[in-house]
K.L.:
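Have a look at the structure that comes next, please.
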Amino acid sequence: SQPVYEVRTQKMATLVYILLSVGAIAPLAASTYILDDTPGLGRMFDGIGGLSGGGATSRLLPNYPAEQLSQILDYLFKPNFGASLQILKVEIGGDAQSTDGTESSHMHNASDENYERGYEWMLMVEAKKRNPNIKLYALSWAFPAWVGNGSGSPFKFPNLTSEYIVKWVMGAKKHYNLDIDYVGIWNERSYDATYIKTLRAALDASGLQKTRIVAHDGGWDIADAMLKDPDLAKAVDVIG
């Protein structure tokens, strides 16, 4: 094996010599990178995020011993350390199987409210504890059947669905002092313009003007609808 190593070393030395010689004779011209925003600004970069959703994708996390759990959370959320996530997207539990499992809803029925179910609350609290500037984004993968009055669609009764989402956002603030920065419509599903506008109005009426709506988690086709509907365009803050 020794002769092979010597041959490789000689080849590398020869390559370095050639590169240095070329550089001495004809140095590469310096390239210029021009920043030009005259055509308009592109998409805003909000950061690198992580997702806890799709039905129990983070279910085992709370079961770790306290020391190891804290270390994992540090690696996820602590600034300039590990992943250093800047956005945390969580599922609004809907009492239904959503890909990998089921997350409990904060409202099993219209008269029920409980903001201690599940583990997303803990995850958001711990994320904020490590990085107060992290953005929080909430999205439903499913809805309890009562939200659509048994119709199977959360868009059938937009006022009812809006109230359901607003209560979750307000519960986050009341019980955990969490401000939800973004709220979505329905994971990888269609959208309904009436519902989006109703949700915006309900958020505003509850003093949640800073909670922005992301729509529609399923494609860019909503952009065409927004060009034709000024009220829809006003209600949607982020296309995603």
K.L.:
Applying side-chain hydrogen bond (donor to acceptor under 3.5 Å, both in side chains), can you list everything that pairs with S105, at least two apart in sequence or on another chain?
P.N.:
Y164
K.L.:
Which pairs pass side-chain hydrogen bond (donor to acceptor under 3.5 Å, both in side chains) with one or both residues in residues 222-232, sequence neighbours excluded?
P.N.:
K197-D229
K.L.:
Can you confirm whether the side chains of S151 and N149 place a donor and an acceptor under 3.5 Å from each other?
P.N.:
no
K.L.:
Using a 3.5 Å distance criterion without hydrogens, assess whether the side chain of E126 forms a donor-acceptor pair with backbone atoms of K128.
P.N.:
no
K.L.:
Got a donor-acceptor contact below 3.5 angstrom from the N109 side chain to the D112 backbone?
P.N.:
yes
K.L.:
Between L136 and V90, does a side-chain contact (heavy atoms from CB on, under 4.5 Å) hold up when you go through it step by step?
P.N.:
CA-CA 8 Å; L136 300 178; V90 302; over 6 Å; no
K.L.:
Return the minimal non-hydrogen interatomic distance between A215 and I222, and the atom names on each side.
P.N.:
CB-CD1, 3.6 Å
K.L.:
Please output the side-chain donor-acceptor pairs of residues 64-82 that fall under 3.5 Å, not counting sequence neighbours, one pair per line with the distance.
P.N.:
{"unit_1": "S70", "atom_1": "OG", "unit_2": "R130", "atom_2": "NH2", "d": "3.2"}
{"unit_1": "D74", "atom_1": "OD1", "unit_2": "R130", "atom_2": "NE", "d": "2.6"}

K.L.:
What's the spacing between E116 CD and Y176 OH if we round to 0.5 Å?
P.N.:
5.5 Å
K.L.:
Under 4.5 Å between any side-chain heavy atoms of V236 and V214, yes or no?
P.N.:
no
K.L.:
Is any side-chain heavy atom of M122 closer than 4.5 Å to one of V125?
P.N.:
no
K.L.:
Is the closest side-chain heavy-atom distance between V147 and P144 below 4.5 Å?
P.N.:
yes
K.L.:
Please answer: with hydrophobic residues joined when any side-chain heavy atoms are less than 4.5 Å apart, are L203 and L139 in the same cluster?
P.N.:
no
K.L.:
Working to the nearest 0.5 angstrom, can you tell me the gap between L85 CG and I87 CD1?
P.N.:
9.5 Å
K.L.:
NZ of K135 to OH of Y182: how many Å apart, nearest 0.5 Å?
P.N.:
5.5 Å
K.L.:
Determine which pairs satisfy ring pair (Phe, Tyr, Trp, His ring centres under 6.0 Å) with at least one residue from residues 215-240, sequence neighbours left out, and list them in order.
P.N.:
Y191-H216
K.L.:
Rounded at 0.5 Å granularity, tell me how far CG in L208 sits from OG1 in T211.
P.N.:
4.5 Å
K.L.:
Same cluster for I92 and W121 if Ile/Leu/Val/Met/Phe/Trp/Tyr side chains link at under 4.5 Å?
P.N.:
yes
K.L.:
So which pairs with a foot in residues 141-153 pass salt bridge (Lys or Arg N to Asp or Glu O under 4.0 Å), sequence neighbours left out?
P.N.:
none
K.L.:
Tell me whether F45 shares a hydrophobic cluster with I134, the cluster being built from Ile, Leu, Val, Met, Phe, Trp, Tyr side chains joined at under 4.5 Å.
P.N.:
yes
K.L.:
Begin from the C-alpha positions of W146 and L160 and carry the test side-chain contact (heavy atoms from CB on, under 4.5 Å) through to its verdict.
P.N.:
CA-CA 9 Å; W146 68 266; L160 189 61; 3.9 Å; yes
K.L.:
Under 3.5 Å, is there a donor-acceptor pair linking the side chains of N114 and H106?
P.N.:
no
K.L.:
Mind listing the side-chain donor-acceptor pairs of residues 53-63 below 3.5 Å, one per line with the distance, residues two or more places apart or on another chain?
P.N.:
{"unit_1": "T57", "atom_1": "OG1", "unit_2": "G53", "atom_2": "N", "d": "3.1"}
{"unit_1": "T57", "atom_1": "OG1", "unit_2": "G53", "atom_2": "O", "d": "2.8"}
{"unit_1": "S58", "atom_1": "OG", "unit_2": "S52", "atom_2": "OG", "d": "2.8"}

K.L.:
Does V238 share a hydrophobic cluster with L88, counting links as ILVMFWY side-chain heavy atoms below 4.5 Å and allowing steps through other members?
P.N.:
no
K.L.:
Considering residues at least two apart in sequence or located in another chain, which fulfil the ring-ring contact (aromatic ring centres under 6.0 Å, His included) criterion with W186?
P.N.:
F143, F155
K.L.:
In terms of hydrophobic clusters joined by side-chain contacts under 4.5 Å, are Y119 and W141 together?
P.N.:
no
K.L.:
Looking at residues at least two apart in the chain, or sitting in another chain, which of them share a ring-ring contact (aromatic ring centres under 6.0 Å, His included) with H175?
P.N.:
Y115
K.L.:
For I213 and A235, work out which heavy atoms get closest and say how close.
P.N.:
CB-O, 3.7 Å
K.L.:
Report the residues that fulfil side-chain hydrogen bond (donor to acceptor under 3.5 Å, both in side chains) with Y195, sequence neighbours left out, ordered by chain and then residue number.
P.N.:
none
K.L.:
I need the full list of salt bridge (Lys or Arg N to Asp or Glu O under 4.0 Å) pairs touching residues 175-192, with sequence neighbours left out, sorted by first then second residue.
P.N.:
K173-D179
K.L.:
Does anything in residues 144-172 form a salt bridge (Lys or Arg N to Asp or Glu O under 4.0 Å)? List the pairs, not counting sequence neighbours.
P.N.:
E113-K167, E163-K167
K.L.:
Is there a side-chain contact (heavy atoms from CB on, under 4.5 Å) between N187 and S98? Walk through the geometry before answering.
P.N.:
CA-CA 10 Å; N187 180 67; S98 55; over 6 Å; no
K.L.:
Please collect all salt bridge (Lys or Arg N to Asp or Glu O under 4.0 Å) contacts where either partner lies in residues 202-220, sequence neighbours excluded, each pair once.
P.N.:
K89-D217, R200-D204
K.L.:
First locate atom CD1 of I165, then atom CD1 of I180, and finally report the distance between them rounded to the nearest 0.5 Å.
P.N.:
11.0 Å
K.L.:
If you measure only the distance, is there a donor-acceptor pair under 3.5 Å linking the side chains of E91 and S140?
P.N.:
no
